S.K.: 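Take this structure, written in structure tokens, and hold onto it; I'll ask about it next.
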Number of protein chains: 2
Amino acid sequence: MSATNITVTSQLTDAVPLGPCGDDDCGIRDVLDRLGDRWTVLVLVELSKGVRRFNQLHRAIPGLSQRMLTVTTKRLCRDGFVERTAYPTIPPQVEYRLTDMGRGLADTAFVLADWSRANKEAIAAARDRWDAEHE
Amino acid sequence: MSATNITVTSQLTDAVPLGPCGDDDCGIRDVLDRLGDRWTVLVLVELSKGVRRFNQLHRAIPGLSQRMLTVTTKRLCRDGFVERTAYPTIPPQVEYRLTDMGRGLADTAFVLADWSRANKEAIAAARDRWDAEHE
DNA sequence: CAGGATCCACCGTGATACTG
DNA sequence: CAGTATCACGGTGGATCCTG
């Protein structure tokens with residue numbers, strides 16, 4: 001708390017009030033904590049094609065372990081992005097489907113995916129340049 | 001500013017061959033690895049207001065340690081989202097500014113922030129419901 | 001079939017101290 | 001001012017085995 005008040009008077013600061021999430025109560029962390037993990041986006045992509053059962057998802061996403069599929073779907077259900085329907089048959093049968101909000105989440109993920117694909121090469125190029133200079 | 005128009009056209013039909021990133025070569029992981037970490041979005045928000053120096057960023061983002069600011073800016077520079085300019089004065093002076101691609105990344109982050117804010121309550125409600133049922 | 005239960009390796013993050 | 005260096009920790013994810 002050494003009062004180092006550095007009034008920099010950058011005219012750009014006053015233009016934006018607080019930024020779209022600078023206040024940190026926009027809830028973007030909850031969303032990014034989902035999207036950011038290893039499998040959520042892939043599960044969303046698969047479920048955006050239609051209703052899927054557990055092993056259908058498992059087979060559709062290579063490298064995804066049984067455990068992580070359980071964890072991922074559970075988190076998606078908890079936040080209301082996915083609806084789980086279990087039929088008490090033998091053997092058991094469980095269906096997963098996107099909720100309306102889940103479809104919204106998937107759509108924003110698609111926006112990200114589109115932007116990522118468009119800038120993929122530029123990012124890779126920048127990275128190579130940086131790595132070459134900082135070997 | 002963050003009013004980026006989102007043409008989403010919900011891809012629930014069979015029209016999608018493999019999904020927008022199901023093939024996993026759309027580069028979305030590179031982007032999500034950045035956006036997903038703890039401080040990148042906040043740094044992007046701050047830099048979207050204008051050029052900033054190291055300690056300006058440090059002071060602007062509460063809770064962000066010196067070390068993590070270094071790590072975060074370095075990663076952003078490496079991928080070409082931020083440009084670093086160091087003036088060899090004494091004491092040293094370093095400026096950070098968004099590149100054009102960095103502004104694009106910030107814009108997509110704002111799209112996410114907008115959606116997050118719009119669905120914040122719904123997510124919290126779903127989570128409370130889930131937690132109540134699975135206590 | 002659809003998970004649950006354990007154990008473990010990794011690494012992103014934080015706290016602290018030091019420096020050109 | 002703008003970092004670097006070191007240590008420690010907690011959570012995420014992977015592998016394996018077990019079950020209603």
Side-chain angles (χ1 to χ4, degrees), chain A residues 2-8 10 24 29-43 46-47 51-79 82-97 130 133-134, chain B residues 24 29-43 46-47 51-79 82-97 130 133-134:
Chain A
S2 50
T4 47
N5 46 5
I6 317 209
T7 46
V8 187
S10 169
D24 209 347
R29 272 267 62 87
D30 287 334
V31 173
L32 280 174
D33 283 346
R34 277 324 103 238
L35 258 41
D37 63 27
R38 198 151 193 78
W39 302 108
T40 293
V41 172
L42 294 175
V43 171
E46 193 59 26
L47 286 181
V51 178
R52 292 290 185 273
R53 292 172 48 189
F54 188 86
N55 276 348
Q56 272 184 303
L57 288 172
H58 192 201
R59 279 188 299 269
I61 305 174
L64 172 54
S65 72
Q66 217 167 36
R67 182 181 111 86
M68 285 317 296
L69 177 55
T70 306
V71 171
T72 302
T73 53
K74 191 169 292 183
R75 294 202 277 226
L76 286 170
C77 286
R78 185 168 110 101
D79 287 0
V82 165
E83 187 182 16
R84 195 191 101 119
T85 313
Y87 301 98
T89 60
I90 294 177
Q93 190 163 337
V94 179
E95 283 178 357
Y96 294 95
R97 81 190 67 222
W130 203 95
E133 291 173 4
H134 302 76
Chain B
D24 209 348
R29 273 267 61 88
D30 288 334
V31 173
L32 281 174
D33 284 345
R34 279 321 104 240
L35 291 178
D37 63 27
R38 198 153 192 76
W39 303 107
T40 293
V41 172
L42 294 176
V43 171
E46 195 57 27
L47 286 181
V51 178
R52 290 291 185 272
R53 292 175 45 192
F54 188 85
N55 277 347
Q56 273 184 303
L57 289 172
H58 192 201
R59 279 188 299 269
I61 304 174
L64 172 55
S65 72
Q66 215 168 37
R67 185 182 110 85
M68 285 317 297
L69 178 54
T70 304
V71 171
T72 303
T73 52
K74 192 169 291 183
R75 294 201 277 225
L76 286 170
C77 286
R78 185 168 109 99
D79 287 1
V82 165
E83 187 183 15
R84 195 190 102 119
T85 314
Y87 300 98
T89 59
I90 294 176
Q93 188 163 337
V94 178
E95 284 179 356
Y96 294 94
R97 82 189 66 221
W130 203 94
E133 290 173 4
H134 301 76

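Letters go in sequence order (proteins before strands), and every chain restarts at 1. The shown structure was predicted, so the numbers you read here are calculated from the model rather than taken from an experiment.
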S.K.: Could you check how far CD of Q56(A) sits from P of dG3(C), rounded to whole Å?
M.R.: 13 Å
S.K.: At less than 4.0 Å, is any side-chain N or O atom of K74(A) found next to OP1 or OP2 of dG3(C)? Yes or no.
M.R.: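 For K74(A), the contact criterion (side-chain N or O under 4.0 Å from OP1 or OP2 of dG3(C)) is not met.
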S.K.: Please report, rounded to the nearest Å, how far the C1' atom of dG3(D) is from the CZ atom of R53(B).
M.R.: 13 Å
S.K.: In whole angstroms, how far is the C1' atom of dC1(C) from the CZ atom of R59(A)?
M.R.: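 That distance rounds to 10 Å.
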S.K.: For R78(A), is the CZ atom crowded, meaning more than 12 foreign heavy atoms sit under 6.0 Å from it?
M.R.: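 Atom CZ in R78(A) is crowded, with more than 12 foreign heavy atoms closer than 6.0 Å.
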S.K.: Select base, sugar-phosphate, or nothing to describe what Y87(B) touches, counting heavy atoms under 4.0 Å on all strands.
M.R.: nothing
S.K.: How far apart are the closest heavy atoms of L47(A) and Y96(A), and which atoms are they?
M.R.: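 Looks like CD2-O, 3.5 Å.
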S.K.: Rounded to whole Å, please give me the gap between CD1 in I90(B) and P in dA2(D).
M.R.: 14 Å
S.K.: Starting at NE2 of H58(A) and ending at C1' of dG3(C), how long is that distance when rounded to a whole Å?
M.R.: 11 Å
S.K.: From the set dG3(C), dA2(D), dG3(D), return the single nucleotide nearest to any side-chain atom of T70(B).
M.R.: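 The answer is dG3(D).
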S.K.: Among pairs that include at least one residue of residues 57-76 of chain A, which meet side chain to side chain donor-acceptor pair (under 3.5 Å), considering only residues two or more places apart or in two chains?
M.R.: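 Found D37(A)-R75(A).
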S.K.: To the nearest 0.5 Å, how far apart are CG in L35(B) and CG in L32(A)?
M.R.: 6.0 Å
S.K.: Does a side-chain N or O from Y96(A) land closer than 4.0 Å to OP1 or OP2 of dC1(C), or not?
M.R.: no
S.K.: Going by the salt bridge (Lys or Arg N to Asp or Glu O under 4.0 Å) test, which pairs reach into residues 86-97 of chain B, not counting sequence neighbours?
M.R.: E95(B)-R97(B)
S.K.: Between dG3(D), dC1(C), dG3(C), which nucleotide has the shortest distance from any of its atoms to the side chain of F54(B)?
M.R.: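 Output: dG3(D).
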S.K.: Specify the separation, in whole Å, of atom CD of Q93(B) and atom P of dG3(D).
M.R.: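 Rounded to whole Å, this separation is 12 Å.
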S.K.: Could you tell me the separation between the CG atom of L69(B) and the C1' atom of dC1(D), rounded to a whole number of Å?
M.R.: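 Taking CG of L69(B) and C1' of dC1(D), I get 12 Å after rounding.
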S.K.: Do R38(B) and M68(B) touch side chain to side chain, with heavy atoms closer than 4.5 Å?
M.R.: no
S.K.: Determine, for nucleotides 6-20 of chain D in 5'-to-3' order, which nucleotides have protein heavy atoms under 4.0 Å from the base (write B), from only the sugar-phosphate (write S), or from neither (write -).
M.R.: B------BBB----B
S.K.: A side-chain contact here means heavy atoms from C-beta on lying under 4.5 Å apart; do L76(B) and V43(B) qualify?
M.R.: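 Yes, their side chains come closer than 4.5 Å.
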